Protein chains: 2
Amino acid sequence: MRQISPYISVDCVLFGYNGAELEVLIVDRTLTDEESGEQVINDRTLTGNHVYEDETIEDAAYRVLNDLTGLDNVFLEQFKTFAHPDRLKKPNDQLWLKNSKRNPDARIVTIGFYSLVATDKVKLIWKGRNVRWVPISEVGELAFDHNLILSEALRTLRLRIKYEPIAFELLHDKFTLTQLQNVYEAIWDVELDKRNFRKKVARMKYLIPLDEKQTGVAHKPARLYVFSREVYSKTKKELFDFTI
Amino acid sequence: MRQISPYISVDCVLFGYNGAELEVLIVDRTLTDEESGEQVINDRTLTGNHVYEDETIEDAAYRVLNDLTGLDNVFLEQFKTFAHPDRLKKPNDQLWLKNSKRNPDARIVTIGFYSLVATDKVKLIWKGRNVRWVPISEVGELAFDHNLILSEALRTLRLRIKYEPIAFELLHDKFTLTQLQNVYEAIWDVELDKRNFRKKVARMKYLIPLDEKQTGVAHKPARLYVFSREVYSKTKKELFDFTI
DNA sequence: ACAAAAGTGTTTGTTATACACCCATGC
DNA sequence: GCATGGGTGTATAACAAACACTTTTGT
């Protein structure tokens, strides 16, 4: 039997893009009183899990994702660790821990990961949980310190996407330039100029245009592009363009 | 008696700048066999410590720094967490843990912080430890996973300094533009053009020129500048200049 | 007077920004 | 034939990169 580490967990902020909005995967947390049949807890959390003693935290985070989505090979990155002594001390959280036979006083460190997928690539795996995509703007209050974890993840995403080619991770393998532009607009909540955007991406040699077009759209079909990791690795300029 | 958390530690990569090179604070780790009087361990580590059960990890990291340097109010930032199951499994590390009555099989998660100071602002506090500044290029092999922690910290520093005004943290409150340029050159190991550099910093409104000059130098004394955090907060442009 | 670093300007190429119209397709 | 989004160019301003000489001080 594999040993669980009682003091380490991972939480995954799984961001999804549905063609219009940035969303995040949220799980319902419900607890029903066995005698009265009354729901004593009914709130929401991010997705997380314990870590096995012989498992790396990266593997644990992948396991969480894979359990929920069946996906492999998704973008996943550690972004911050949360360890405040009182992070599990809200009444509902204490109740929840006691009910699941865990020590409510234990201090649990959680390492936050964030992940990027195209919403409609994912077939959510329920396994008795109520799992669903929620637009960032409609998340509301979450259990534990998950609002903090989410906002730090979002902050990291908004910064990273400025400097690293990860916007593609929110799209299908083949995508149009308009879809790519929409990703930036959704993440930053801004509007970008189409012509200037295209001039900019034209300089990114790792965006490869295909001899292939959109199908099934009621207008002029757009050209499809793919991201080439090889071209990116070869051509990325190193650290020398400081912009403070 | 304050309880120590046996599973959480912090490691601080304390970067210093001495006017010429980027350095890092290194502590000797020695263990002498009580019978033979022979040194069985003599190697080097970064600075780290346990975390108290009722202490935040940020407070713990500040405590480590303050113990070593007496400094308060230094730049300190969490950058990555290290939790590999085998991170303390090298023979010397096992020996060290056993000797200090700790469980050598326990899995300890360490949260990495990095910190920036001007070397000559710091009066190192020894308390029986051999603590010293070592130029980045001369660090050599470290105990535990500290080479990994150092290289990730350096990677983070090299990136952050591109996009955030933190170079000043490695200098005295008042500094010359040449000193500032030298910081970038030391961190990136590049040479920058003096005139272009000055044109660039002239645009940073939060760099305030003083009516004050260097003294005690055998050449034309340079003007002194300070960094204004208030001006920075007010004028920093938000996220909208994506450059991938 | 000399050594040492401070301080300064111009040119050329590239990138950022602002802005409006025709085109190809499905229905 | 019309609704829908695809795709394109130009002018102006800001920034990047390359490059050399005079000034001020201490000794």
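In what follows, chains carry the letters A, B, and so on, assigned in the order in which the sequence lines appear, proteins first and then strands, with residues in each chain numbered from 1. The structure displayed is predicted, hence computed values, not measured ones.
Atom CZ in Phe175(A) sits roughly 14 Å away from atom P in dG6(D) (whole-Å rounding). Computed from coordinates, the Tyr184(B) OH to dA16(D) P distance equals 13 Å when rounded to whole Å. If you take CZ of Phe197(A) and C1' of dA18(C), they are 17 Å apart, rounded to a whole angstrom. Protein atom CG of Leu192(A) is 11 Å distant from nucleotide atom P of dA18(C), rounded to whole Å. For the pair Gln214(B) CD and dA6(C) P, the interatomic distance rounds to 7 Å; values are reported in whole Å. The distance between atom NZ of Lys200(B) and atom P of dA14(D), rounded to the nearest whole Å, is 17 Å. The CD atom of Glu191(A) sits 15 Å away from the P atom of dT17(C) (whole-angstrom rounding).
A salt bridge does not link Arg223(A) to Glu212(A): none of the charged nitrogens lies less than 4.0 Å from a carboxylate oxygen. The residues Glu58(B) and Lys80(A) are annotated as not salt-bridged, no charged nitrogen and carboxylate oxygen being separated by less than 4.0 angstrom.
Not counting sequence neighbours, Tyr62(B) has no partner by the ring-ring contact (aromatic ring centres under 6.0 Å, His included) test. Remark: Glu185(A) pairs with no residue by the salt bridge (charged side-chain N to carboxylate O under 4.0 Å, His left out) rule, at least two apart or across chains. Considering only residues two or more places apart in sequence or on other chains, Phe144(A) meets the ring-ring contact (aromatic ring centres under 6.0 Å, His included) condition with His146(A). Applying the ring-ring contact (aromatic ring centres under 6.0 Å, His included) rule to Phe175(A) yields the partners Phe168(A); only residues at least two apart in sequence or on another chain are considered. In terms of the side chain to side chain contact (heavy atoms under 4.5 Å, CB included) criterion, residue partners of Ala60(A) (sequence neighbours excluded) are, by chain and number, Val10(A), Val51(A), Glu55(A), Arg63(A).
At the heavy-atom level, Thr176(B) lies nowhere under 4.0 Å from the strands shown. Using a 4.0 Å heavy-atom cutoff across all strands shown, Arg203(A) reaches sugar-phosphate atoms only and no base atom.
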How does protein contact run along nucleotides 19-27 of chain C, one letter per nucleotide 5' to 3', with B for base contact, S for sugar-phosphate only, - for none, heavy atoms under 4.0 Å? BB--BBBS-

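Distances shorter than 4.0 Å separate some side-chain N or O of Arg198(B) from OP1 or OP2 on dG7(C). Listed pair Thr178(B) / dA5(C) fails the phosphate criterion, with no side-chain N or O lying under 4.0 Å from OP1 or OP2.
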